[in-house]
S.K.: 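Input: one structure, supplied below.
Numbered from 1 within each chain, the chains take letters A, B, ... in sequence-line order.
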Amino acid sequence: MSEPLLIVRDLVKHFPQYEQRILTKRQTGSVRAVDGVNLDVMAGETVGLVGESGCGKSTTARLILRLIEATSGSVIFDGVDVLNADDEALRRLRRQMQIVFQDPYASLNPRLSVREIVGEGLRIWGETADFDKRVGDLLDRVGLNRRFLDRYPHEFSGGQRQRLGIARALAVRPKLLVLDEPVSALDVSVQAQVLNLLVDLRDEFDLTMIFIAHDLSVVRQICDRVAVMYLGRIVELGDRDGIYTRSTHPYTQALMSAVPVPDPVHERERERIPLEGDPPSPLNPPSGCRFHPRCFKAETICRTEDPPLIERVGGHECACHFPEVSNVT
Amino acid sequence: MSAAQSDGGGAPLLRVDDLRATYDTEGGVVRAVDGVSFELRHGEVLAIVGESGSGKTATSLALLDLLPKHIGKVVGGSAEFDGIDLTKLSAADMRAVRGARIAMIFQDALTALNPVHKVGKQISEMIRAHQRVPRSQAWERAVDLLEMVGIPNPRERASNYVHEFSGGMRQRAMIAMAIALEPEILIADEPTTALDVTVQAQVLDVLLGLRERLGMSIILITHDLGVVARAADRVMVMYGGRKIEEQTTEGLFANPQHPYTKGLLRSMPRLDSVIGDRLTQIPGAPPSLVNPSEACRFAPRCDFARPICDEQYPAQVSIGSGSQVACHAAGDPTWETNT
Amino acid sequence: MSASRSDIAAQATAARPFSERREKLMLLLANRQGMVGLVLVLAFFASAIFAPWLAPYDPNALDIPVRLSGPTWDHWAGTDSLGRDQFTRLLYGARVSLGIGVSVAFLSTLIGVTVGVLAGFLGGWVESVLMRLTDIALMVPPLIFLIIGARMMQDKLSGGAIWPLIFLVTVVSWMTIARVIRGQVLALREREFVEAARALGAKKRRIIGRAILPNLIGIITVNLTIAVAGAILLESTLSFLGLGVQVPTPTWGNMLDSAKSFIETEPYLVWFPGLAIVITVLCVNFVGDGLRDALDPTQRKT
Amino acid sequence: MWIYALKRCGLAVVIVFCALAALFALLHMIPGDPVSIALGPRATPEVQARYAEKMHLDEPLVVQFGIFVGNAITGDLGMDVFSERSVTLIVLDQLPFTIVLALAGLGWAVILGIPLGCLSAVRPNSWLDRVTGLVSVGTIAVPSFLVSIWSLLVFSVMLGWLPVLGAGDPGDLGDQIYHLILPAFAVGLGWVGYLARLVRASMLEVMGENYIRAAWAFGLPRRTVVYRYALKVAILPTITLIGIGFGNLLSGTVFAEIIFSRPGLGKLIFDMVMNRNFPVVQGAVLVTAALYVVVALVADLVVAWTDPRVRESL
């Protein structure tokens with residue numbers, strides 16, 4: 001196996017909580033949004049990052065692109081140390097790593113025309129030869145009419161805006177595309193269009209993708225490997241079939257069992273693993289295994305000892321003291 | 001599957017007939033609800049499914065005269081509930097119905113509960129708005145209700161403000177408020193959409209448990225077909241402000257009739273499907289409802305559209321045992337074989 | 001296979017005939033109050049600029065025999081205690097009042113926007129220092145500051161200079177817009193399209209210029225108009241207290257000041273300059289409100 | 001909550017100190033001989049010498065400032081070299097007039113403005129709403145010195161209903177109130193429109209919130225929804241504004257005081273500035289700033305106490 005395209009090691013992001021004083025600030029604590037994430041992404045594969053709100057999946061994405069500064073850890077992209085790159089090196093790196101955002105309304109500058117939005121990357125990198133034609137080709141490629149060049153974002157529907165966001169990211173021909181909940185703001189009928197488009201583009205542009213979502217079914221549709229996150233950590237990591245049919249972490253199992261299946265007969269017979277309460281606050285995560293207060297298997301050791309993410313049963317990595325294969329779908 | 005499942009016979013609890021509601025916007029008049037008819041029976045869970053802008057929320061707001069003031073209004077139709085027409089009630093009579101006989105819960109409980117009153121205070125105030133109960137007694141009731149929806153330490157929690165609650169607890173608190181007067185109908189507008197799946201499951205359980213216990217009927221508004229499969233007895237699918245299909249839940253999932261419903265079911269990524277390369281997709285985007293033409297709203301996106309679809313809106317066709325579909329192609333044998 | 005059909009459907013729903021800019025212009029034109037305000041404000045500016053050609057008399061020409069004559073055919077707005085034509089002086093006064101109003105508005109907006117953008121975009125200690133400075137400046141009672149300041153610069157003012165007034169009024173006028181702009185920049189900075197620009201490798205200058213500033217134009221314009229009104233009020237106030245522009249240069253404020261002594265016998269001397277101030281400020285506010293309605297995205301529905 | 005209150009008090013002290021420093025710097029930054037600048041060319045040499053000694057002008061600036069601050073803390077604002085009276089006493093003499101005027105002016109504005117804004121928000125586009133809208137825009141556009149002149153012109157000169165000048169007979173409460181009417185009207189008028197507009201906007205925003213819709217959906221009576229649910233939230237920004245407004249009025253009454261020849265802090269400052277009597281100005285401004293900060297502080301604390309979201313985050 002070749003060297004991974006992206007290597008993430010012990011990535012940590014703590015958002016300090018401040019109390020404003022007159023001129024200074026005093027730290028009162030910190031939100032441990034991402035707390036030691038390890039992840040390798042091979043060239044050409046699509047890795048899914050799933051978890052509930054507040055588990056740190058979007059923060060992880062922004063850390064990898066260094067849109068926010070990490071507290072500690074390392075990100076190596078294509079052999080280059082992203083977190084220690086100087087401004088100029090970072091700018092060059094960013095051509096190769098692009099991101100598509102969740103909110104199709106907030107992610108496009110309302111004051112710029114489609115030409116300027118999609119072509120922004122070309123302008124930044126001075127590739128202005130055949131500008132209109134290149135932007136037009138990109139529009140074609142994401143299924144939009146090239147006559148839309150002079151329109152403004154508010155004239156488009158949510159699905160079309162998301163296509164614009166994808167075209168903008170592809171303009172600089174990145175190697176890695178990070179998709180942060182790209183379809184969760186879209187209606188179901190439009191979701192499928194965008195997912196299909198992404199699959200097509202992945203093949204055509206040889207993209208490596210990190211796909212972030214809270215919807216397990218969407219991730220299953222598009223990803224080769226899946227990482228399940230809980231409170232800033234990856235708790236289970238494996239290939240798609242492994243995660244979806246032979247998951248070993250109780251959280252993955254509970255999560256999977258909670259997703260309702262659109263089939264009333266099957267759905268009403270399914271066995272469910274009920275979880276008590278809401279996910280705890282990342283401001284003050286539980287001791288030991290972070291999942292233990294909600295875990296149906298928790299024992300004394302779980303309260304005191306944090307299980308490492310290592311390969312256990314089922315052929316994939318799992319951070320649990322009592323991993324067991326189970327199929328809950 | 002439940003004891004309270006639709007009994008088939010008997011007069012319906014709520015009979016909505018040709019309900020129409022509009023929104024005035026700068027772009028023009030939006031026909032948000034455009035001739036919707038349905039019945040709700042005693043003790044059943046009726047799901048209204050549709051995408052954003054399909055009119056599912058507007059329908060429920062129209063029933064309780066809660067459309068945004070000065071913008072939205074009911075312009076036609078009737079909604080008969082226990083011998084009274086909800087659309088013709090005076091403001092005072094409507095107020096007596098709201099909350100007490102038909103209650104509603106909303107998607108985002110954080111913004112739907114008052115930020116500056118204690119949660120227990122809000123519940124007891126709501127009780128006292130409808131019944132002459134002393135303050136302390138109403139407070140006790142509020143505590144009991146919080147316990148009933150599964151909030152730990154209800155007595156303590158009643159003195160909290162909503163921002164001190166977690167997402168799941170907020171939704172539970174709102175449910176507690178809605179069931180305080182044991183309403184006959186509970187309208188739940190996307191009650192779980194803003195919640196994480198693990199919490200969503202808990203809240204759905206609470207809702208269904210209460211249905212059993214109090215024998216109320218529920219109108220469940222959602223865009224999530226998984227939630228429908230889990231919780232509903234009957235489903236009505238809306239598209240472009242109109243009802244396009246209605247069936248029992250089993251019937252709808254086993255044998256969807258309208259091309260949109262079929263497309264929706266197929267375009268959904270699901271946990272239990274065989275993984276193929278591509279999802280079946282419905283092309284295009286939902287229609288604008290500003291001054292719509294008489295054409296079938298779905299025709300521009302429909303793979304089976306025919307000339308007639310662009311000319312007139314299809315009538316509602318009954319397809320046996322309370323099921324209905326509005327499609328020119330429905331029941332056409334040649335079309336059936338094509339799909 | 002469905003690509004072509006999907007395209008057709010997409011285009012059917014996407015079409016909107018007007019560009020955003022045209023749409024806003026239409027909204028502004030549709031706002032009756034705003035339009036009336038705009039027309040009147042433009043008229044005032046025109047008459048101020050062309051005062052030497054429009055005015056029937058020399059503003060400083062004394063005509064003692066007709067002093068304190070009420071409004072007549074010869075003197076539409078009457079004459080003052082030295083027999084100077086009030087209407088002429090009103091026109092010339094507009095030059096000073098509007099001139100100061102516009103200069104102050106531009107200067108204070110410039111300072112406010114600079115402070116707000118720098119504080120909001122750079123954050124950190126720059127933000128702390130700038131915003132604390134703004135807070136302290138806001139605590140200074142503007143009138144007292146102006147009274148003290150104008151008194152100290154009185155020798156300059158007596159020499160007929162106007163810049164000390166512009167300077168003083170600007171000093172008390174920039175804080176509100178700085179705070180508003182900072183709030184907006186903070187919100188914009190978190191918007192995903194700004195992140196997207198960074199992700200594409202855009203430099204800070206480009207992000208401020210292309211992503212932040214264009215999205216502030218609406219709020220800057222609105223504040224600019226409102227600042228004009230505020231500055232006219234402050235200037236007339238100071239001149240009324242005898243601390244602003246010194247006679248014989250006419251301004252609406254010092255005309256009122258000199259009229260004070262004749263309030264019991266010649267009330268018209270108090271009415272006309274006062275009305276000039278009120279109508280101007282009212283119209284400028286109408287324009288501001290109209291602009292706000294036209295530019296505020298929450299007013300529009302998609 | 002208490003910690004928050006303490007912190008805000010600390011901040012208030014810092015702000016007053018800054019204001020003090022700024023004022024001190026302003027008054028000492030004027031180029032030239034401080035004595036003749038402070039006293040003007042008319043002062044006799046004896047007065048000048050006495051002034052220089054009283055103000056410790058021979059000491060370095062920092063020391064002067066230190067002395068000034070030290071005295072200010074003990075309530076000694078220095079001595080007026082012309083009248084030989086204590087500045088503290090001079091200021092305290094004028095203070096009640098201004099406070100009464102500011103309270104009366106803001107008081108009637110609050111009593112009228114808040115219900116007007118509230119009612120016009122509850123019934124948008126009604127005739128009441130339109131009238132309120134016109135009044136708001138109108139009163140905001142009329143500077144308060146014009147209101148003073150015009151109301152004097154109309155009610156005293158033309159109609160002769162109300163007295164022209166002064167604050168009334170010191171011993172006669174009725175006469176004092178009689179003399180208070182016009183100035184209070186002039187001072188408060190702009191605030192009626194301002195408050196009405198703010199309350200209306202704030203109410204409309206709150207009335208559009210989800211929890212108001214939910215309150216309707218739960219069948220709560222109109223009065224509960226409007227007054228206990230909506231107004232309680234909508235009033236919060238108004239409280240802050242009233243605090244700031246009161247602070248501003250402590251100096252903003254200057255026109256009313258000048259035009260109606262009424263004693264008060266504003267008139268004192270104006271007169272002393274015109275007479276270049278800067279020690280008195282310094283003292284009066286300091287008292288104004290301190291009062292302003294205290295009022296703003298109280299308003300902030302009231303808001304924090306009323307809004308659990310703010311209270312919680314403290």
S.K.: List the steps, then state whether side-chain contact (heavy atoms from CB on, under 4.5 Å) holds for A:S189 with B:R301.
M.R.: CA-CA 10 Å; A:S189 71; B:R301 303 175 73 188; 2.8 Å; yes
S.K.: What option among B:G263, B:G168, B:A201 has the most heavy-atom pairs under 4.5 Å with chain A?
M.R.: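 Looking at each of B:G263, B:G168, B:A201 in turn, B:G168 comes out on top.
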S.K.: Let me know if A:E52 has heavy atoms under 4.5 Å from chain B in its side chain, its backbone, both or neither.
M.R.: both
S.K.: Please answer whether the main-chain N or O of B:G284 pairs with a side-chain N or O of A:Q193 as donor and acceptor at a distance below 3.5 Å.
M.R.: yes
S.K.: Using side-chain contact (heavy atoms from CB on, under 4.5 Å), reason through B:R270 and A:D263 one step at a time and then give a plain yes or no.
M.R.: CA-CA 10 Å; B:R270 45 198 287 177; A:D263 174 354; 3.6 Å; yes
S.K.: Give the C-alpha distance, both sets of side-chain angles, the deciding distance and a yes or no for side-chain contact (heavy atoms from CB on, under 4.5 Å) between A:H214 and B:V197.
M.R.: CA-CA 9 Å; A:H214 66 273; B:V197 271; over 6 Å; no
S.K.: Please find the pair of heavy atoms, one from B:R230 and one from A:P260, that lie closest to each other, and give the distance.
M.R.: CB-CB, 4.4 Å
S.K.: Report yes if some heavy atom in the side chain of B:H223 is under 4.5 Å from a heavy atom in the side chain of A:D187; otherwise report no.
M.R.: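 A side-chain contact under 4.5 Å is absent here.
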S.K.: Name the region of B:E51, side chain, backbone, both or neither, that has any atom closer than 4.5 Å to a heavy atom of chain A.
M.R.: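 For B:E51, the contact with chain A is made by backbone and side chain together.
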S.K.: Quick one: CD on A:E267 to CG on B:L271, what's the gap to the nearest 0.5 Å?
M.R.: 10.0 Å
S.K.: Quick one, B:L279 and A:Q191 - any side-chain contact, counting heavy atoms below 4.5 Å?
M.R.: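 They are not in side-chain contact.
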S.K.: Work out which heavy atom in A:A192 is nearest to a heavy atom in B:T280; give both atom names and the distance.
M.R.: CB-O, 3.8 Å
S.K.: If we define contacts as heavy-atom pairs under 4.5 Å, which of A:L216, A:D200, A:I222, A:D241 has the most with chain B?
M.R.: A:D200
S.K.: So what's closer than 4.5 Å to chain A heavy atoms on B:V228: side chain, backbone, both or neither?
M.R.: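 Just the backbone, heavy atoms under 4.5 Å.
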S.K.: So for A:L195, is it side chain, backbone, both, or neither that comes closer than 4.5 Å to the heavy atoms of chain B?
M.R.: side chain
S.K.: Are B:M268 and A:Q221 close enough, and set up right, to give a side-chain contact (heavy atoms from CB on, under 4.5 Å), and what steps lead you there?
M.R.: CA-CA 10 Å; B:M268 242 187 107; A:Q221 193 62 38; over 6 Å; no
S.K.: Could you tell me whether a side-chain N or O of B:Q202 sits under 3.5 Å from a main-chain N or O of A:L275, the two making a donor and an acceptor?
M.R.: yes
S.K.: Of the listed residues (A:P262, A:A258, A:G54), which shares the most heavy-atom pairs with chain B below a 4.5 Å separation?
M.R.: A:P262
S.K.: Taking all non-hydrogen atoms of both residues into account, name the closest pair between B:A229 and A:V261 and its distance.
M.R.: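 Of all heavy-atom pairs spanning B:A229 and A:V261, the closest is CB-O, 3.3 Å.
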